[in-house]
Amino acid sequence: MKISLMKTMIVRGFVGGFIGLLAACGEGEPVMSAEERAAIVAEAESLVPDDPALAEIYEYSCYSCHANPDSGAPLAGDVDAWEPRLAKGMDALLESTINGFAGMPPLGMCMDCSEDQFAALIRFMSRTE
Ligand code: HEC
């Protein structure tokens, strides 16, 4: 009786630990098929802001990286990629854009963009407009 109880506890502990491990592996690294990835890239390549003036700015600056899967930038429209960035808050994202951030050059290659325009571009790319 005592031993079987212990066995149950060990088995439960093992299974629990295993499930915990699986959950930890899944975190931050969602399993995505090549097709899903291709769809996200195709969408990023086709998305353009509705506002023509903003669209023009976007196409000569952010687009070259944020619609390019090899750049390492969170892609336009890729809500999952933007989620952890948005969690920092808009002020932090504006600061990253203006000062540069890791692989991104200062001002995201838009030398004459205003803060409002940067914020609008970030909202457009992260689908929080
Ligand atoms: C030359 C390539 C390039 C251009 C142009 C570019 N970005 Fe980026 N951007 C990146 C890369 C790469 C990252 C991811 C950096 C990292 O986390 O390693 C990034 C990340 C960001 C982030 C997230 C920053 C953070 O704190 O997590 C924002 C916001 C952003 N870009 C906005 C913009 C905007 C707005 C434009 C256009 C005005 C733009 N970017 C143009 C390459 C670029």
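Both counts, for ligands and for their atoms, begin at 1 and track the order of listing. Keep in mind that this is a model prediction, so the values were computed, not measured.
Listed by atom number, the atoms of ligand 1 under 4.0 Å from Met125 heavy atoms are 32 (C), 33 (C), 34 (C), 35 (C). Ligand 1 places these atoms under 4.0 Å from at least one heavy atom of Phe118: 38 (C). Numbered from 1 in the order shown, with element, the atoms of ligand 1 that lie under 4.0 Å from a heavy atom of Gly108 read 5 (C), 6 (C), 37 (C), 38 (C), 39 (C), 41 (C).
Here Ala102 has side-chain heavy atoms under 4.0 Å from ligand 1, and that is the only part of it that gets that close. The proximity of Pro74 to ligand 1, defined as any non-hydrogen pair under 4.0 Å, is limited to the side chain. Counting heavy atoms closer than 4.0 Å to ligand 1, residue Tyr63 contributes nothing at all.
Summarising the local packing, CD of Glu129 is surrounded by more than 12 heavy atoms from other residues, nucleotides or ligands at distances under 6.0 Å. No more than 12 heavy atoms of other residues, nucleotides or ligands lie within 6.0 Å of CG in Asp50, so this atom counts as exposed by the packing criterion. For Glu36, the CD atom is densely surrounded, since the number of other residues' heavy atoms within 6.0 Å is greater than 12.
Atom 8 (Fe) of ligand 1 has no N, O or S atom of Thr97 inside 2.8 Å of it.
For the pair Met125 and Pro74, the minimum side-chain heavy-atom distance is 4.5 Å or more. Side-chain atoms of Phe124 and Leu47, non-hydrogen and from C-beta on, do get closer than 4.5 Å to each other. Taking the side chain as every heavy atom from C-beta outward, Arg85 and Ile122 never approach each other to under 4.5 Å. Counting only heavy atoms from C-beta outward, the side chains of Cys110 and Tyr58 never approach each other to under 4.5 Å. In this structure, Ile40 and Arg37 have side chains that are in contact, with non-hydrogen atoms separated by less than 4.5 Å. Between Trp82 and His66, some side-chain heavy-atom pair lies under the 4.5 Å cut-off. Using a 4.5 Å cut-off on side-chain heavy atoms (C-beta onward), Ile57 and Cys113 make contact.
At least one heavy atom of Gly72 sits closer than 4.0 Å to an atom of ligand 1. Contact between Phe124 and ligand 1 is absent, with no heavy atom of the residue lying under 4.0 Å from the ligand. The shortest separation from a heavy atom of Pro105 to ligand 1 is under 4.0 Å, placing the residue in contact. Glu95 does not count as a contact of ligand 1, since none of its heavy atoms falls under 4.0 Å from the ligand.
Counting protein heavy atoms only, atom 11 (C) of ligand 1 is closest to Ala73 CB, 3.5 Å. In terms of protein heavy-atom proximity, atom 30 (C) of ligand 1 is nearest to Met104 CE, 3.4 Å. The nearest protein atom to atom 1 (C) of ligand 1, hydrogens excluded, is given as Cys65 SG, 2.7 Å; this is a heavy-atom distance. Of the protein's non-hydrogen atoms, Ser71 O, 3.4 Å is the one closest to atom 12 (C) of ligand 1. Scanning the protein for heavy atoms near atom 27 (O) of ligand 1, the closest one is Lys88 NZ, 2.7 Å. Distance from atom 38 (C) of ligand 1 to its nearest protein heavy atom, with residue and atom name: Cys62 SG, 2.8 Å. Regarding atom 24 (C) of ligand 1, its nearest protein heavy-atom neighbour is Ser96 CB, 3.6 Å. Shortest contact from atom 23 (C) of ligand 1 to any protein heavy atom: Arg85 CD, 3.8 Å.
Minimum-distance N/O/S atom of His66 relative to atom 8 (Fe) of ligand 1: NE2.
Close N/O approach between Ser61 and ligand 1 is not found [any backbone or side-chain N/O within under 3.5 Å]. The distance criterion of under 3.5 Å between nitrogen or oxygen atoms is not met by Ser64 with respect to ligand 1.
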- Message: Walk me through whether Cys62 and Cys65 qualify under disulfide (SG to SG under 2.5 Å).
- Response: CA-CA 6 Å; Cys62 328; Cys65 298; over 6 Å; no

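Here the closest non-hydrogen pair linking Ala119 and Leu94 is N-CD2, 3.7 Å.
The residues Glu43 and Arg127 are annotated as salt-bridged, a charged nitrogen and a carboxylate oxygen being separated by less than 4.0 angstrom.
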